[in-house]
Amino acid sequence: NKGAAEFLPDRLDLDSLRHAAAGCEGCGLYRNATQTVFGEGPKEARFMLVGEVPGDQEDRQGHPFVGPAGRLLDKGLEEAGIERDDVYVTNAVKHFSFTLRGKRRIHQKPTAAEITACHPWLDAELSVVRPEVIVVLGATAARSLLGREFRVTRQRGEPVPLGDALAVATVHPSAVLRAPDRDLAYKGFLADLRVAATLA
Ligand code: URA
Ligand code: SF4
């Protein structure tokens with residue numbers, strides 16, 4: 001795990017970053033994944049949403065949040081009144097992490113070392129987009145952005161300063177989909193997105 005830093009381009013703009021990230025070998029995840037799934041959205045976006053790691057669909061299609069979690073996220077954004085063209089969407093870790101069960105690729109949580117290795121890409125995205133509001137989706141993104149001590153369960157929905165932005169953490173949309181009481185979990189998720197919506 002040498003980390004992504006040595007793969008960063010000299011020019012920090014979104015096209016250069018995306019191009020350089022396609023060749024990243026900063027940790028071992030590039031070996032088994034199909035492709036780097038870089039963040040997407042306008043450079044002028046006031047909101048940056050940070051997920052965990054691309055899933056199976058994202059890995060195949062090359063775009064963040066295009067699977068089931070992405071559909072739930074889109075619904076939440078719409079209901080919270082956050083416009084898609086005001087949003088840049090990315091992940092804490094940019095290559096799909098999985099274990100094989102037969103032919104099925106089962107999502108695996110990225111390790112602390114992988115989160116650290118991939119952090120330079122997220123940092124670069126933040127420095128280019130300079131969002132007003134960062135929505136932190138789940139514990140992995142929280143670990144990458146807010147540190148090891150941050151607890152989503154206790155601190156979700158509370159704006160916290162992060163550089164020049166305000167960050168709001170919430171649960172990961174995949175956790176909403178897996179929750180025993182999905183309606184209740186969705187309500188909490190939406191309430192946190194509504195807090196984020198008021199901040200920009
Ligand atoms: N889950 C994530 O954290 N990110 C994606 O892009 C898709 C699913
Ligand atoms: Fe590089 Fe991140 Fe992919 Fe690891 S997960 S190879 S650090 S882009």
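All values below come from the heavy atoms of this structure, side chains included, with hydrogens, waters and symmetry mates left out. Order of appearance sets the numbers: ligands from 1, and atoms from 1 within every ligand.
If you look at ligand 2, the protein residues with a non-hydrogen atom under 4.0 Å away are C24, G26, C27, Y30, V93, K94, H95, A117, C118, W121.
Atom numbering of ligand 1 starts at 1 in the shown order; those under 4.0 Å from a heavy atom of E52 are 2 (C), 3 (O). In summary, the atoms of ligand 1 found under 4.0 Å from a heavy atom of G51, numbered by their order in the structure, are 3 (O). Per-residue contacts place H172 under 4.0 angstrom from the following atoms of ligand 1 (heavy atoms of the residue considered): 1 (N), 2 (C), 3 (O). Distances below 4.0 Å separate heavy atoms of P64 from the following atoms of ligand 1: 6 (O).
Here the heavy atom of the protein found nearest to atom 2 (C) of ligand 1 is V53 O, 3.0 Å. Atom 4 (N) of ligand 1 has its closest protein heavy atom at N91 OD1, 2.7 Å.
Side chains of K43 and V128 form a contact here, defined as non-hydrogen atoms less than 4.5 Å apart. Residues S144 and V50 fail the side-chain proximity criterion, which asks for heavy atoms closer than 4.5 Å. For the pair L77 and L49, the minimum side-chain heavy-atom distance is below 4.5 Å.
Between the side chain of R194 and the backbone N or O of E79, at least one donor-acceptor pair lies under 3.5 Å. In this structure, N91 contributes its side chain and E52 its backbone to a donor-acceptor pair below 3.5 Å. T116 places a side-chain N or O within 3.5 Å of a backbone atom of A112 that can act as its donor or acceptor partner.
Taking all atoms of both residues into account, the shortest heavy-atom contact from L190 to A80 is CD1-N, 3.9 Å.
Only the side chain of E58 comes within contact range of ligand 1, with a heavy atom under 4.0 Å; no backbone atom does. Contact annotation: for Q57 versus ligand 1, there are no heavy atoms closer than 4.0 Å.
Legend: side-chain hydrogen bond (donor to acceptor under 3.5 Å, both in side chains) pairs involving residues 95-106, not counting sequence neighbours, sorted by first then second residue: T36-H95, D56-R105, D59-R105.
Hydrophobic clustering, defined by side-chain heavy atoms of Ile, Leu, Val, Met, Phe, Trp and Tyr closer than 4.5 Å, groups V53 together with L29, V93, I115.
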Quiz: residues 155-168 side-chain donor-acceptor pairs under 3.5 angstrom, not counting sequence neighbours:
{"unit_1": "Q155", "atom_1": "OE1", "unit_2": "R151", "atom_2": "N", "d": "2.8"}
{"unit_1": "R156", "atom_1": "NE", "unit_2": "D192", "atom_2": "OD2", "d": "2.8"}
{"unit_1": "R156", "atom_1": "NH2", "unit_2": "G188", "atom_2": "O", "d": "3.3"}
{"unit_1": "R156", "atom_1": "NH2", "unit_2": "D192", "atom_2": "OD2", "d": "2.9"}

